[in-house]
Amino acid sequence: MVDFNKIAKKWQKKWEEKGIFKVKEDSKKKKFYCLEMYPYPSSTLHMGHLRNYSLGDALARFKRMQGFNVMYPMGYDAFGLPAENAAIKHKVDPEKWTLDNIDKIKEQQKSLGFSYDWSRQIQSCTEDYYKWNQWIFLKFYEKKLAYRKNAVVNWCNSCGTVLANEQVIDGKCWRCHDDVAEKELEQWFFKITEYADELLRDLEKLKHWPKRVKVMQENWIGKSHGVEVNFKIKDTKKIISTFTTRPDTIFGVIALVFAVEHPMVFELIKGTKYEKPVLDFITKTKKRSMKERASEEVEKNGIFIGKYVVNPVNNEEIPIFVADYALMEYGTGAVMVVPAHDQRDFEFAKKYKLPIRVVITPKQYELKSEKMNRAYVEEGILVNSDKFNGMNNLDAIEKISKWMEKEKIGKRTVQYKLRDWLISRQRYWGTPIPMIHCSTCGIVPVPYENLPVKLPKNVKFTGAGNPLETSEKFVNVKCPKCAGKARRETDTMDTFVDSSWYFFRYCSPNEAKLPFDKKASAYWMPVDQYIGGIEHAILHLLYARFFTKALRDLGLTNVDEPFSRLMTQGMVIKDGAKMSKSIGNVVDPAEITGKYGADTGRLFILFAAMPEKELEWNDKGVNGAYRFLNRIYNLVNDNIKDISLDSYVKDKLNEKDKFILSKMHSTIKNVTENIENFKYNLAIGKIMEFVNALQKYNDKNKAVFGECAKNLVLLLNPFTPHISEELWSDLKLKGFASLQKWPSYDKSKIDEEAEALEDNLERTKKDIYSVIELAKIKKPNKIIIFVAEAWKFDFIRRLKGELGKTRNLGEIIKKFAKSDLSIYIREISKIAPKLVKDETKLPKVIVGRKKEIEALKGSLDNFKQEFGCDMEIVDGKSDEQKAKQAMPGKVAILIE
RNA sequence: GCGGGAGUGCCGGAGUGGCCAAACGGGACAGGCUUAGGACCUGUUAGCUUAGUGCUUACGCAGGUUCGAAUCCUGUCUCCCGCACCA
């Protein structure tokens with residue numbers, strides 16, 4: 001067995017010594033920016049990483065060999081909670097802990113032979129990186145894209161910090177899965193909503209993003225068109241506005257509900273007998289955890305507040321409620337209740353015995369409110385709606401909206417589900433927010449020249465509260481404006497801020513005056529291929545898009561979208577479940593690569609499944625990949641004396657040589673196309689087929705075999721670079737295989753039929769040539785080939801060598817009819833009309849199954865007349881003799 | 001509920017109208033090589049058969065279109081994923 005580990009080390013060393021993967025901007029070359037989502041530096045790589053990088057490296061190598069100027073960088077998402085938890089638990093410095101991990105993980109990555117340009121490495125926890133987070137923050141602040149507000153926030157008790165909406169999953173923390181509580185705090189936000197519309201619109205530009213990611217983002221942004229309707233509170237001048245997407249149901253409104261947080265509630269109940277019960281209700285509702293509110297089939301609760309509003313379209317007085325199913329964050333925090341046509345309102349009305357008024361009825365029958373057991377939400381005709389009666393409700397949406405605008409009782413608006421991004425975190429290990437609180441001047445930004453605001457070292461990690469607050473030196477500062485005593489902001493930024501622009505930084509990792517050099521980023525950006533997990537479909541990918549647009553508006557870049565192509569890889573699972581320590585089905589990549597070598601691990605993980613699908617880990621499959629690599633190694637080395645690198649003489653090629661060359665060209669073609677479509681598993685399958693064919697190639701033409709071997713080695717490079725380099729040097733070829741030109745193919749050399757034929761013959765062991773050879777030996781006067789199925793023409797076509805590439809059956813039949821071949825066609829009815837009349841020689845007898853014969857009879861009569869052929873139809877089962885005579889087989893010969 | 005996607009041989013997984021009983025790999029079986037082998041090589045691997053081509057049944061289930069369907073259409077079942085009281 002070959003020592004693949006030794007080979008891997010040898011070439012990794014050589015690559016590094018020569019620095020062959022370093023790149024510079026080069027306006028003469030077409031660029032290709034290949035990027036994987038940079039990892040969080042935990043101490044070891046897992047299978048997901050191996051898969052991610054194997055996918056990316058294969059593409060980077062492929063593009064490099066195709067002549068692109070490929071930037072393929074790696075870095076580390078180095079801020080974050082685990083470092084801080086390690087500090088609390090093991091009393092280690094988060095920085096040291098993180099940097100140590102980076103070293104470990106980097107070493108593993110290197111041992112896998114990925115072709116990164118390590119000179120571009122970045123890590124988000126170093127000053128020269130996070131300084132620019134702060135710089136960007138200040139710019140955002142100036143543009144009012146960063147702001148502070150008091151808000152009800154998602155608070156994770158176990159992490160002791162605030163979470164963004166995107167980080168709350170089913171009412172639980174995305175990181176520790178603990179229940180999330182609500183808390184009111186003053187926090188920093190980024191105004192992502194400013195870009196809501198563009199973020200939505202530009203999804204269309206992302207032609208090469210997976211549909212589901214786009215759909216998820218679309219749903220997350222959640223744009224809906226509707227009308228803001230103003231209701232006047234009875235006996236006052238106060239106006240309450242509500243948002244609805246269904247203005248067509250306006251005449252069916254029978255109540256109004258407020259969210260429990262709605263500020264107007266307190267004014268309205270103050271001093272009334274409703275004050276106490278309503279406040280009780282509000283407190284009770286607020287106490288219920290997020291989880292409870294998010295759970296399914298929640299009963300709708302509410303309470304009447306003793307006031308009424310006037311429906312502006314019909315001047316009806318309707319009651320106001322406070323209810324738990326109205327959300328303060330969406331719309332205006334007040335909802336008009338239309339029980340007949342909204343399921344939630346329906347449930348609410350049933351519970352509190354409110355009237356149900358039908359305003360839309362199906363065309364087929366009349367909807368009766370007392371018979372309804374759920375809301376009617378389908379299309380219909382308006383009723384009980386004054387002058388809009390009889391109108392289709394879809395038309396009515398438009399008409400009523402216009403009318404309300406004219407009457408000044410409503411205004412058409414657009415609503416989004418997307419909320420601003422809460423970036424404050426009460427943690428130590430993150431980018432300090434560069435702000436200062438001064439009792440006289442208020443909030444004052446840290447001047448640019450004072451950046452970075454460095455993370456202090458003298459902090460205590462107790463596990464309670466924000467560690468930054470324990471550093472007096474950090475907290476107590478002078479106000480930059482008045483030089484008076486002031487307090488530094490102790491919130492740090494969400495780590496998703498770091499990852500929202502790191503791909504720009506790679507373009508100029510040492511840039512000192514700006515976050516990134518404009519020229520360099522203009523050359524490299526956007527990222528041509530981004531690869532990562534689907535779990536970032538919303539969080540990271542939305543934030544990165546937002547940042548790109550915001551940075552563009554700051555004049556730092558011209559690109560609108562950061563990632564042209566996105567590939568979301570599937571998970572690696574084992575025994576039907578995601579690999580996890582708790583289940584105990586984890587396979588450590590290091591174990592595999594240690595045993596079989598890096599190439600084997602990479603090959604298997606690429607071959608086992610389509611990249612975007614789940615990959616079922618299979619130890620035996622790994623062994624298969626290992627055997628395959630051994631086979632290739634031996635194929636080259638055992639035949640090394642049969643290999644010549646001279647070019648071959650075309651005239652001296654025999655059928656076998658031509659065949660293997662055809663196979664070579666078609667393999668290059670297929671592998672190239674499959675890589676371009678991210679179908680690495682199929683590309684590898686094709687290489688395997690080629691290797692199988694090469695192994696069967698006897699009486700080798702040395703030059704032909706040499707060319708095949710050379711190209712094989714190059715085709716392998718993206719997947720198994722080490723063995724590729726080794727074989728390249730075994731072949732006594734110069735330079736690095738990794739830097740060679742990607743093999744090209746010659747379409748004209750591909751003989752698909754020969755290959756298909758070869759396959760068939762291989763399988764049946766019945767070489768059609770040998771049939772002919774046999775016939776030749778017997779010297780027949782006439783060869784009749786009977787063909788049962790249309791596709792078999794291709795066989796004959798090949799044999800006769802007298803037809804072009806036509807796939808037109810009629811054309812083929814015509815040709816053969818002229819020759820001395822007789823043809824049997826089972827499915828004659830459709831083909832017949834296409835035949836040309838004269839000189840047609842068709843079989844005298846047609847055989848088929850009963851069913852088919854019945855079907856044929858009609859068309860046959862026409863056929864006979866038209867062509868003057870004499871034919872009869874025989875049932876193969878009942879008239880065996882005739883049948884055998886006519887159709888002894890699919891491809892058979894009759895020797896006379 | 002809304003939205004996305006998937007159902008193929010013993011297994012993983014290709015295949016989107018005819019070179020399809022279905023690539024490639026794994027597994028199993030038989031044989032060879034070997035002291036031996038988990039190493040390598042050859043063959044078989046839906047069923048029935050043949051000297052050989054063949055026939056039958058198959059790509060979740062049920063229909064349909066077509067000369068012809070795993071592939072297109074309709075219905076249906078199952079599974080996975082995302083969002084979820086968004087007015």
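Values reported hereafter were calculated over all heavy atoms of this structure, with side chains retained and with hydrogens, waters and symmetry mates removed. Naming convention: chains lettered A, B, ... in sequence-line order (proteins, then strands); numbering from 1 in each chain.
- Rounded to an integer number of Å, the gap from Asn623(A) CG to A39(B) C1' is 10 Å.
- Across all strands shown, C61(B) forms a Watson-Crick or G-U wobble pair, both distances under 3.5 Å, with G75(B).
- Between Asn692(A) and G25(B) there is a side-chain N or O to OP1 or OP2 distance below 4.0 Å.
- Of the nucleotides present, G27(B) is the one that pairs with U45(B) by Watson-Crick or G-U wobble criteria, both distances under 3.5 Å.
- For Lys620(A), whose side chain is taken as the heavy atoms from C-beta onward, the closest listed nucleotide among A87(B), G27(B), G82(B) is G27(B).
- C2(B) is paired with G82(B) under the Watson-Crick or G-U wobble criterion, all donor-acceptor distances under 3.5 Å.
- Spacing between atom CD1 of Ile534(A) and atom C1' of C83(B) amounts to 13 Å, rounded to whole angstrom units.
- Taking all atoms of both residues into account, the shortest heavy-atom contact from Leu418(A) to Ala196(A) is CD2-CB, 3.9 Å.
- The shortest distance between the side-chain N/O atoms of Arg627(A) and the OP1/OP2 oxygens of C24(B) is not below 4.0 Å.
- Using a distance-only test at 3.5 Å, with no hydrogens or angles considered, a donor-acceptor pair links the side chain of Arg357(A) to the main chain of Phe251(A).
- The separation of G12(B) from G64(B), taken at their P atoms, amounts to 31 Å, rounded to a whole angstrom.
- A donor-acceptor distance shorter than 3.5 angstrom exists from the side chain of His341(A) to the backbone of Ile360(A), with no hydrogens or angles considered.
- Residue Arg246(A) contributes atom CZ, which lies 11 Å from atom C1' of A87(B) at whole-angstrom precision.
- Taking the C1' atom of each, A23(B) and G9(B) are spaced 13 Å apart, rounded to whole Å.
- When the nearest nucleotides of RNA chain B are assigned to Lys211(A) and Met216(A) by heavy-atom distance, the more 5′-ward of the two goes with Lys211(A).
- When the C1' atom is compared between G3(B) and G13(B), the two are found 28 Å apart, to the nearest whole Å.
- Distance from the side chain of Met688(A) is smallest to G25(B) among G25(B), A87(B), G27(B).
- Residue Val215(A) is the one, among Gly624(A) and Val215(A), whose nearest nucleotide of RNA chain B lies closer to the 5' end (criterion: closest heavy atom).
- Atom CD of Glu378(A) is surrounded by more than 12 heavy atoms from other residues, nucleotides or ligands within 6.0 Å.
- Going from atom OH of Tyr697(A) over to atom P of C41(B) covers 20 Å, rounded to whole Å.
- Look at CG on Leu203(A): it is 19 Å from P on G82(B), rounded to the nearest Å.
- With rounding to whole Å, Tyr325(A) atom OH is found 16 Å from G1(B) atom C1'.
- Spacing of P atoms, A28(B) relative to C79(B), comes out at 32 Å, to the nearest Å.
- Checking side-chain atoms of Gln217(A) against main-chain N and O of Ala537(A) turns up a donor-acceptor pair under 3.5 Å.
- The separation of A21(B) from C55(B), taken at their C1' atoms, amounts to 13 Å, rounded to a whole angstrom.
- Remark: Lys411(A) NZ is loosely packed, at most 12 non-hydrogen atoms of other residues, nucleotides or ligands lying under 6.0 Å away.
- Between Glu347(A) and Lys350(A) no salt bridge is recorded (no basic side-chain N to carboxylate O distance below 4.0 Å).
- The base-pairing partner of C19(B), taking Watson-Crick or G-U wobble contacts with both distances under 3.5 Å, does not exist among the strands shown.
- With sequence neighbours excluded, the residues that form a side-chain contact (heavy atoms from CB on, under 4.5 Å) with Val377(A) are Ala375(A).
- Between the P atoms of G27(B) and G75(B), the separation comes to 43 Å (whole Å).
- We find that CD of Glu218(A) is positioned 13 Å from C1' of G82(B), with the value rounded to whole Å.
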Contacts under 3.5 Å, N or O only, protein and nucleotides 9-16 of chain B:
unit_1 : atom_1 : unit_2    : atom_2 : d
A14(B) : OP1    : Lys613(A) : NZ     : 3.3
A14(B) : OP2    : Lys613(A) : NZ     : 3.3
G15(B) : OP1    : Lys679(A) : NZ     : 3.2

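- Nucleotides U45(B) and A62(B) are separated by 27 Å at their P atoms, to the nearest Å.
- The same atom, C1', is picked in G7(B) and in U76(B); the two are 14 Å apart, to the nearest Å.
- A side-chain donor-acceptor contact under 3.5 Å links Tyr352(A) to the backbone of Gly302(A).
- If you take CD of Glu612(A) and P of A6(B), they are 10 Å apart, rounded to a whole angstrom.
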